[in-house]
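Reading through the structure tokens given below for one structure.
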Amino acid sequence: MAAGDPEAAMLAVLTGVVEATPDEIEAIRSSPTWPARLATVPTAPRELRTEAHCTYRPGQFDAVTAPTLVLAGSESPPAQAEASRQAAAAIPGATIRVLEGHGHFAFQTDPGLVAGILREFIA
């Protein structure tokens with residue numbers, strides 16, 4: 001970011017932090033949302049610092065009564081898979097759905113699958 005290259009900064013986050021695969025990165029870069037993603041690059045350091053210091057307090061989501069679905073890719077990096085498990089465990093009645101053969105960016109690499117799951121969940 002300091003070099004004024006938002007694409008390089010976004011790619012660094014995708015590879016170094018999110019651990020996106022080359023196929024996931026290609027799907028993201030070829031998406032019509034890529035320019036919008038690049039526009040968010042200046043917020044990345046703040047978001048990453050916030051995420052690194054986020055602490056779950058037991059009971060903090062006990063009042064959530066809305067049906068909640070957590071999607072997790074079976075091929076997601078271990079830290080993301082664990083975060084998904086923790087999120088589902090923290091919300092009363094949450095359902096976790098593991099997308100076999102997919103990583104963190106299944107909504108980009110297989111949007112039809114994700115859309116179908118969401119339609120089924122809200123039906």
Side-chain angles (χ1 to χ4, degrees):
M1 277 185 25
D5 188 346
E7 184 159 347
M10 179 59 77
L11 292 173
V13 169
L14 290 172
T15 58
V17 177
V18 183
E19 299 181 44
T21 67
D23 287 345
E24 289 171 330
I25 290 171
E26 182 53 37
I28 294 165
R29 287 178 86 184
S30 64
S31 166
T33 63
W34 181 245
R37 283 183 186 273
L38 293 180
T40 68
V41 166
T43 67
R46 180 190 64 214
E47 292 170 10
L48 293 170
R49 281 191 305 274
T50 300
E51 184 176 317
H53 293 83
C54 184
T55 303
Y56 167 69
R57 294 178 315 280
Q60 101 185 63
F61 301 110
D62 286 356
V64 174
T65 59
T68 304
L69 175 65
V70 175
L71 300 179
S74 66
E75 305 306 310
S76 290
Q80 291 173 358
E82 180 59 23
S84 296
R85 281 190 291 279
Q86 289 178 0
I91 301 169
T95 301
I96 189 165
R97 175 88 180 259
V98 177
L99 309 179
E100 293 299 327
H102 292 279
H104 185 66
F105 291 99
F107 69 96
Q108 291 280 175
T109 58
D110 196 345
L113 171 71
V114 174
I117 292 168
L118 294 176
R119 280 188 204 102
E120 176 184 302
F121 182 74
I122 62 173

Query raised in the report: Got a second to check how far Leu118's CG is from Leu71's CG, nearest 0.5 Å?
Result: 6.0 Å
Could you list the donor-acceptor pairs under 3.5 angstrom formed between side-chain atoms of residues 87-99 and any protein atom two or more places apart in sequence or on another chain?
none

Query raised in the report: Which residue pairs pass the side chain to side chain donor-acceptor pair (under 3.5 Å) test when at least one of the two sits in residues 50-66, sequence neighbours left out?
Result: none
Query - Test side-chain contact (heavy atoms from CB on, under 4.5 Å) applied to Phe61 and Thr68, step by step - result: CA-CA 11 Å; Phe61 301 110; Thr68 304; over 6 Å; no
Query raised in the report: Where is the tightest heavy-atom contact between Ser30 and Ala27, given as atom of each residue plus distance?
Result: OG-O, 3.2 Å
Query raised in the report: Rounded to the nearest 0.5 Å, how far apart are OG1 of Thr33 and CG of Leu38?
Result: 9.5 Å
Report summary line: Tightest non-hydrogen contact, residues Ser76 and His104, listed as OG-N, 3.2 Å
Query raised in the report: Going hydrophobic residue to hydrophobic residue with side-chain gaps under 4.5 angstrom, can you get from Val64 over to Phe121?
Result: no
Requested in this report: Report whether Val114 and Ile122 are members of the same hydrophobic cluster (ILVMFWY, side-chain heavy atoms less than 4.5 Å apart, transitive linking).
Outcome: yes
**Report entry** Ile117 side chain reached by Leu69 side chain, heavy atoms, under 4.5 Å
**Finding:** yes
Query - ILVMFWY network linking Ile25 to Val41, side-chain heavy atoms under 4.5 angstrom - result: yes
Query raised in the report: Can you list the residues that meet the side-chain contact (heavy atoms from CB on, under 4.5 Å) rule with Glu75, with sequence neighbours excluded?
Result: none
**Report entry** Where at least one partner belongs to residues 23-49, residue pairs that pass salt bridge (Lys or Arg N to Asp or Glu O under 4.0 Å), sequence neighbours excluded
**Finding:** Glu7-Arg29
Query raised in the report: With Pro77, which residues qualify under side-chain contact (heavy atoms from CB on, under 4.5 Å), at least two apart?
Result: Glu19, Gln80
Report summary line: Note: Ser31 and Pro35 closest approach over all heavy atoms is O-CD, 4.4 Å
Query - Taking every non-hydrogen atom, the tightest pair across Ser74 and Gly101 - result: OG-N, 2.7 Å
Query - Under the side-chain contact (heavy atoms from CB on, under 4.5 Å) test, residues paired with Thr40 that sit two or more places apart - result: Met10, Thr43
